[in-house]
Student: 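Once you've had a glance at the structure underneath, I'll fire off some questions.
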Amino acid sequence: MMSTYNMVKQEFIKKWITTLHMLDCSVEHPLNVTERKNAIKLSSDIAMAAARSGSTVWSRALISRSGNKTANKPVARRILKKARNRLKNRCLTLRRNGNFTAKSGVRKRTELLKSLVPGGELIKNKDYLIRETLDYIVYLRAQVDVMRTVAAVDSVTGNLTNDNK
Amino acid sequence: MNRAIEADLLLNYNTDMSVLERQRAHLKYLNPGFDSPLAGFFSDSSMINGGVIDGFLGTDGLNLPMIYGDTTVEGDPRLSISPETMIGTGNFKKRKFDTETKDCDGKKKKIMMMNREDEVEEEEDEKSKLTEQNNGSTRSIKKMKNKAKKEENSYSSDSSKVTIQKTDYIHVRARRGQATDSHSIAERVRREKISERMKFLQDLVPGCDKITGKAGMLDEIINYVQSLQRQIEFLSMKLAVVNPRPDFDMDDIFAKEVASSTPMTVVPSPEMVNSGYSHEMVNSGYSNEMVSSGYLHFNPMQQVDTTSSDPLSSCFNNGQAPSMWDSHVQNLYGSLGV
């Protein structure tokens, strides 16, 4: 269902533009490349999670995780105020479980998947984990598609202005 | 045919009705006289299974159920059908319960298990052509396939009499050669659910057709998620390099647009071709607007035609101001109906 996927992308773009704006207003320029990259990634992650904004574990965990990263704290908090209110303050804080090594193949991979998906460690049921992963993959793919398109446009426009000079 | 109608119902009502209402609608559709005897079942079963599905329906942001990629609309109704709605459908009509079959301990889960078997059977029949060779699930699925074929033949001629159990649990017929312990039945249902999800994942994650077994599937999923995350890192770095400020989407692009307006119409199209949106761009008949706002061509552009041209062109003429852009964005998305 491409139409659903398109909706996902549209929602993501809307949120991303908003978060980028907020980010831009709240940070002092100039930023170096790394800071810019982090800002872009942060805003797009928050936008992705806010676009989902349902009761999925990964979206809430992603928002709460973005809010707690110390480097981004003041900026993220400001952006997250909006998103947090929408999620009715049900952000999850990730509890770091003690490390336990999984011996068998499936179990080990499940642990690895849990570490990849935001909020995965909190999901006990393997069934729900896979559901969350499915949802997360769709939104990740939307994010990648959008960023790739914008990057393509940007690179082209960048080349053109360079040529004009 | 019955199933197609159900799927239709669900497709139409998916976002409006909760799972419980859908079940009731189903029952009313199928059995006009039927109302409340099993209503208690549904509310309980929906708490067990459908409550989760309800919980995952978005309340803010996107009101989409859990998405399973390109199989969203087909996938979800099935999943939401499976535990609850099949209760009132032909499965009751089709199943005949012997007294000597397994007597569960009164858990309502048994209904769902039984119905899930039916549901998965039908799905198996549908999908078996596509995924037969990918059947990395346990032998229970194979048994279900065999059983489904037998049952299809034997039940097709049954009358549509609904047998509603007076007791509050349903006898489950254990399958041939399978353990009849209640725990193992529950375990089997759980495993089947997981394998069903794995199938959706197969559709979603590219290149998963040849993989069988949970470990391999999980490997592929992990690789895919990791690669997507890495792509995001890379793309955000690329965007950071190209743009002097984080707020790049509109202002920067538009500035460059205005600076070099005419070549933009021609040159970016190869780029857009590469990113695979070319057909939509061509159809839209736009030049600058399409190029500058890459997100626009995610949608068929016909409806954007009249409403968006004015704000965007005025944006071009006046230069850029973020506030103006915001209003344009609002207009744009209002016109898109989003």
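Below, chains carry the letters A, B, ... as their sequence lines are ordered, and counting in each starts from 1. Just so it is clear, the values below take in all heavy atoms, side chains as well, and ignore hydrogens, waters and symmetry mates.
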Student: Closest approach of B:Leu228 and A:Arg141, non-hydrogen atoms and distance?
Tutor: CD1-N, 4.2 Å

Student: Kindly indicate whether the side chain of A:Leu112, heavy atoms from C-beta on, has any atom under 4.5 Å from the side chain of B:Leu218.
Tutor: no

Student: Indicate yes or no: at least one non-hydrogen side-chain atom of B:Glu233 is less than 4.5 angstrom from one of A:Lys37.
Tutor: yes

Student: Look up atom CD1 in B:Ile222 and atom OG in A:Ser115, then write down how far apart they are to the nearest 0.5 Å.
Tutor: 7.5 Å

Student: Rounded to the nearest 0.5 Å, how far apart are CG of A:Leu140 and CD1 of B:Ile232?
Tutor: 4.5 Å

Student: Going through the distances and angles, do A:Arg148 and B:Gln231 end up as a side-chain contact (heavy atoms from CB on, under 4.5 Å)?
Tutor: CA-CA 9 Å; A:Arg148 196 183 290 150; B:Gln231 273 183 359; 3.3 Å; yes

Student: First locate atom CG of A:Leu116, then atom CD1 of B:Ile221, and finally report the distance between them rounded to the nearest 0.5 Å.
Tutor: 11.0 Å

Student: Need one label for B:Phe234: side chain, backbone, both or neither, based on atoms under 4.5 Å from any heavy atom in chain A.
Tutor: neither

Student: For A:Thr34, which atoms come within 4.5 Å of any heavy atom of chain B: side chain, backbone, both, or neither?
Tutor: neither

Student: Which heavy atom of A:Ala151 sits nearest to which heavy atom of B:Leu239, and what is that distance?
Tutor: CA-CD2, 3.6 Å

Student: Quick one: CG on A:Asn38 to OG on B:Ser236, what's the gap to the nearest 0.5 Å?
Tutor: 8.0 Å

Student: Which bit of A:Tyr136 is near chain B, if near means a heavy-atom gap under 4.5 Å: side chain, backbone, both or neither?
Tutor: side chain

